[in-house]
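Step one of this worksheet: look at the structure below.
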4 protein chains.
Amino acid sequence: MQSRTPASRTGRPRSAAADTAILAATREALVELGWSKLTLGDVATRAGVAKTTLYRRWAGKNELVVDAVAELFDELELPDRGSLAADIEGVVLQFAAILVRPEAKSGLMAVVAESTRDDALRERIRASIVERQMCLVLEGRARAQLRGELPPEPDPEESARTVDLIFDMVAGAVVHRTLVSGKAADAEWVRDFTRVLLLGLTGAAREA
Amino acid sequence: MQSRTPASRTGRPRSAAADTAILAATREALVELGWSKLTLGDVATRAGVAKTTLYRRWAGKNELVVDAVAELFDELELPDRGSLAADIEGVVLQFAAILVRPEAKSGLMAVVAESTRDDALRERIRASIVERQMCLVLEGRARAQLRGELPPEPDPEESARTVDLIFDMVAGAVVHRTLVSGKAADAEWVRDFTRVLLLGLTGAAREA
Amino acid sequence: MQSRTPASRTGRPRSAAADTAILAATREALVELGWSKLTLGDVATRAGVAKTTLYRRWAGKNELVVDAVAELFDELELPDRGSLAADIEGVVLQFAAILVRPEAKSGLMAVVAESTRDDALRERIRASIVERQMCLVLEGRARAQLRGELPPEPDPEESARTVDLIFDMVAGAVVHRTLVSGKAADAEWVRDFTRVLLLGLTGAAREA
Amino acid sequence: MQSRTPASRTGRPRSAAADTAILAATREALVELGWSKLTLGDVATRAGVAKTTLYRRWAGKNELVVDAVAELFDELELPDRGSLAADIEGVVLQFAAILVRPEAKSGLMAVVAESTRDDALRERIRASIVERQMCLVLEGRARAQLRGELPPEPDPEESARTVDLIFDMVAGAVVHRTLVSGKAADAEWVRDFTRVLLLGLTGAAREA
DNA sequence: ATCTAACCGAGACGGTACGTCAGGTCTTTCA
DNA sequence: TGAAAGACCTGACGTACCGTCTCGGTTAGAT
């Protein structure tokens with residue numbers, strides 16, 4: 001997670017319970033205070049932990065919040081709902097359900113904003129949050145190809161471009177709907193969105 | 001902009017030059033320092049203005065940055081490029097060109113993040129940034145309907161839903177591509193995106 | 001008072017009422033806020049006068065408060081009570097009565113403190129507050145000499161020294177009692193004080 | 001001194017050197033700037049200490065200056081000079097020597113002025129400055145009674161009144177001479193003052 | 001069975017920025 | 001042209017957090 005495994009074998013081991021408590025406290029503080037008013041001292045107090053313990057494990061607020069928020073996305077799954085459309089609708093609804101939770105709302109955009117000036121942070125976000133979502137896109141496409149709903153991709157390079165495009169379109173639309181427009185990504189919206197997306201994708205695939 | 005027009009006739013009037021200098025200084029500081037290290041004291045110094053003058057006009061960092069960033073979007077236009085696809089590609093490229101500028105990158109996501117806990121701020125963003133973009137979507141659709149590329153919408157309520165959807169898809173995809181994925185929304189990507197989007201929209205319109 | 005009579009005959013004349021209002025407002029603010037929390041802006045507001053008007057007439061807080069407090073000492077008198085002891089007791093009681101008023105308490109010591117680093121201010125205090133008190137000492141001694149209670153002073157230089165001494169002893173004791181010890185200079189204390197002082201003075205005069 | 005002895009045994013202990021440095025820096029700043037231009041930020045800088053450290057230990061400027069000035073009076077002693085007159089002259093000269101020092105001059109009157117509106121401050125002054133002086137008066141009287149220069153006091157209540165009176169007369173006269181009249185309390189003045197005071201006291205004692 | 005290294009809590013440390021406020025000055029409009 | 005209104009700059013205020021440090025003490029694994 002955050003530890004770079006300092007390869008120390010001797011000495012007292014770090015308390016595993018502390019990690020859990022700190023991340024939970026971070027989410028709790030995000031809900032109550034939001035990103036900008038969240039302070040590491042407060043998180044430490046909530047977690048019943050000294051501030052030094054916290055700094056020993058995370059470099060700062062950004063890294064801590066990334067880890068705390070990342071755990072929220074662990075619950076994303078892609079159960080087989082029988083069709084590509086149903087699969088997409090299912091995962092988008094799951095994704096939207098996470099985004100409306102205040103601990104995600106407050107923290108996610110903020111760390112993304114910070115990551116525009118901090119490459120290490122961006123990489124951390126990519127690895128612990130974005131990567132997981134990207135896997136779902138790949139998995140969904142593979143499943144659709146098995147079903148015959150999508151043709152097998154001819155060119156691996158173009159394939160990667162398409163996956164990137166789909167990912168940005170899906171994630172971007174849900175995030176924008178939820179956090180910028182401030183409206184719920186409810187079942188109706190998700191249905192409309194999925195229809196447009198799928199028609200576009202199949203149409204583009206037919207053209208090629 | 002920020003003034004609530006106190007309608008005072010007497011007394012020394014506010015310096016109009018100060019507003020311009022402050023907003024420019026804010027953008028300059030955003031470029032150099034980014035959102036989180038930007039301080040109002042520093043902005044005041046850069047603008048050659050007292051900190052109190054700044055606080056007299058803006059409630060805080062958030063409001064100031066919204067106004068500073070909003071000015072960047074004033075340059076968004078929708079010249080008639082002859083077809084809906086060309087119009088969309090044009091405006092998306094403009095939008096992406098703004099988003100890669102560091103003053104936008106640093107500030108925009110941050111204020112959006114803050115707005116998740118501050119309704120007044122969200123409304124300010126909507127009025128001064130989002131609204132402008134939404135107008136372009138409406139204008140582009142009207143133009144496409146005149147050209148016969150899109151059918152006139154039958155139901156005004158569904159029409160509004162569609163516009164919202166398009167807007168979230170366009171803005172969301174570009175923002176996600178640029179700020180989350182951290183890749184350029186270049187001509188090739190925009191072409192791919194536009195093709196998928198238009199096929200989806202026309203397909204959905206045909207179904208209905 | 002504070003004006004250096006710039007001998008300007010033209011223009012709108014200064015409002016005489018303003019001076020009165022400002023000094024009264026200053027005393028009022030001294031009572032409510034004390035020296036350190038008194039602000040010129042607040043005084044101006046209370047007096048119904050613009051801050052600029054105030055600065056046109058006084059150089060700053062110190063000068064203003066000196067004038068405001070000085071007016072309190074205008075009421076000091078030395079009615080003939082028939083004996084030196086009674087005269088002293090009378091004037092000391094008057095002096096103490098002024099010192100317990102909050103507008104004097106708060107302001108007097110503060111401007112004296114400031115005057116330790118500002119000779120112009122010390123001179124202003126001397127001229128408008130101390131001088132008046134010193135006159136009473138001189139007047140009282142003259143009256144006592146007429147009555148035969150004190151011998152005429154032989155040496156003018158020694159005479160001045162004695163007056164200074166008496167003045168410091170009287171004023172100092174009352175001020176210390178009231179403002180440092182924080183106890184009332186009531187009739188009993190004044191009687192005790194006067195007895196010691198007079199016995200000392202007459203004893204010293206007899207020795208010489 | 002300023003600490004309320006929170007009796008916390010854990011955590012990093014407070015730096016004892018900081019206290020010394022801060023109080024010395026305060027006196028230095030008093031000499032250079034005087035009370036009104038002294039700022040806590042400047043004191044912190046001079047002491048090589050953070051402003052927060054300063055605020056952690058003292059509630060504000062007043063409390064800090066009281067402690068800084070109080071240390072000046074630690075050097076007051078009452079060596080046995082053989083007679084009451086000599087004892088008084090000695091201590092008064094010591095007292096005057098402290099009062100002419102600019103760090104005392106600037107600070108003492110100012111905190112007394114502030115104390116007229118702040119009972120906690122008055123008590124702090126009493127405990128750390130006035131009390132010490134009062135002890136000298138008591139000690140001097142006891143010594144004089146041993147020598148037979150003063151009669152033993154018959155009534156404890158009247159005794160306390162007399163001590164208070166003497167204290168206000170001595171301290172008040174010296175302070176007034178030095179800070180209000182702005183003249184030196186030199187050997188000659190002290191001799192004159194002591195003669196008058198002693199004649200008054202012995203005369204009053206004889207009467208009783 | 002005791003080292004001993006790394007952990008833990010508490011909290012003081014030097015700093016930076018905050019948002020407010022007062023001191024003075026300057027620039028309007030009004031009377 | 002003075003007075004009122006109020007915006008302006010300067011700079012101190014007291015607070016909150018930052019990230020680091022120094023404590024006294026605890027908890028394992030290694031000797």
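Atom set for the values below is all heavy atoms of this structure, side chains included, hydrogens, waters and symmetry mates excluded. This one's a predicted model, so the numbers in the text were calculated from it and none came from an experiment. To find a chain, count down the sequence lines: A is the first, B the second, and so on, and within it residues start at 1.
With hydrogens and angles disregarded, a donor-acceptor distance shorter than 3.5 Å links the side chain of D:R117 to the backbone of C:E32. A donor-acceptor pair under 3.5 Å links the side-chain atoms of A:T45 to the main chain of A:G41, judged by distance alone.
Residue A:R57 places at least one side-chain N or O closer than 4.0 Å to OP1 or OP2 of E:dC8. For E:dC7, the OP1/OP2 oxygens have no side-chain nitrogen or oxygen of A:T53 closer than 4.0 Å. When the side-chain nitrogen and oxygen atoms of B:R56 are compared with OP1 and OP2 of F:dC8, one or more of them lie within a distance under 4.0 Å.
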Checking side chain to side chain contact (heavy atoms under 4.5 Å, CB included) for the pair D:I22/D:W58: CA distance, chi angles, key distance, verdict?
-> CA-CA 11 Å; D:I22 290 169; D:W58 286 274; 3.7 Å; yes
Walk me through it: do B:R56 and B:T52 pass the test side chain to side chain contact (heavy atoms under 4.5 Å, CB included)?
-> CA-CA 6 Å; B:R56 214 174 285 120; B:T52 39; 4.0 Å; yes
Take B:L108 and B:I129 through the test side chain to side chain contact (heavy atoms under 4.5 Å, CB included) and record every step on the way to the result.
-> CA-CA 10 Å; B:L108 187 59; B:I129 299 183; 4.0 Å; yes
Could you walk me through whether D:E114 and D:K61 pass salt bridge (charged side-chain N to carboxylate O under 4.0 Å, His left out), step by step?
-> CA-CA 10 Å; D:E114 291 298 304; D:K61 190 165 153 174; over 6 Å; no
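Within residues 33-52 of chain C, the residues approached by DNA chain E to less than 4.0 Å at the level of any non-hydrogen atom are C:L38, C:T39, C:L40, C:G41, C:K51, C:T52, in residue-number order.
Rounded to the nearest 0.5 angstrom, C:D119 CG and C:R124 CZ are separated by 14.5 Å.
Rounded to whole Å, atom P of E:dA12 lies 13 Å from atom CD1 of D:I22. Residue D:R14 contributes atom CZ, which lies 18 Å from atom C1' of F:dG24 at whole-angstrom precision. Atom C1' of nucleotide F:dC8 and atom CG of B:D19 are separated by 14 Å, given to the nearest angstrom. To the nearest angstrom, P of F:dG19 lies 10 Å from CG of A:L54. Look at CG on A:L64: it is 15 Å from C1' on F:dC18, rounded to the nearest Å.
Scanning atom types as modelled, no donor and acceptor separated by under 3.5 angstrom connect the side chain of D:R12 and the base of E:dC13.
Between B:P13 and D:Y55, the residue anchored nearer the 5' end of DNA chain F, judged by the nucleotide with its closest heavy atom, is B:P13. Positionally, the nearest nucleotide of DNA chain F for B:A18 lies more toward the 5' end than for the other of B:A18 and A:K61.
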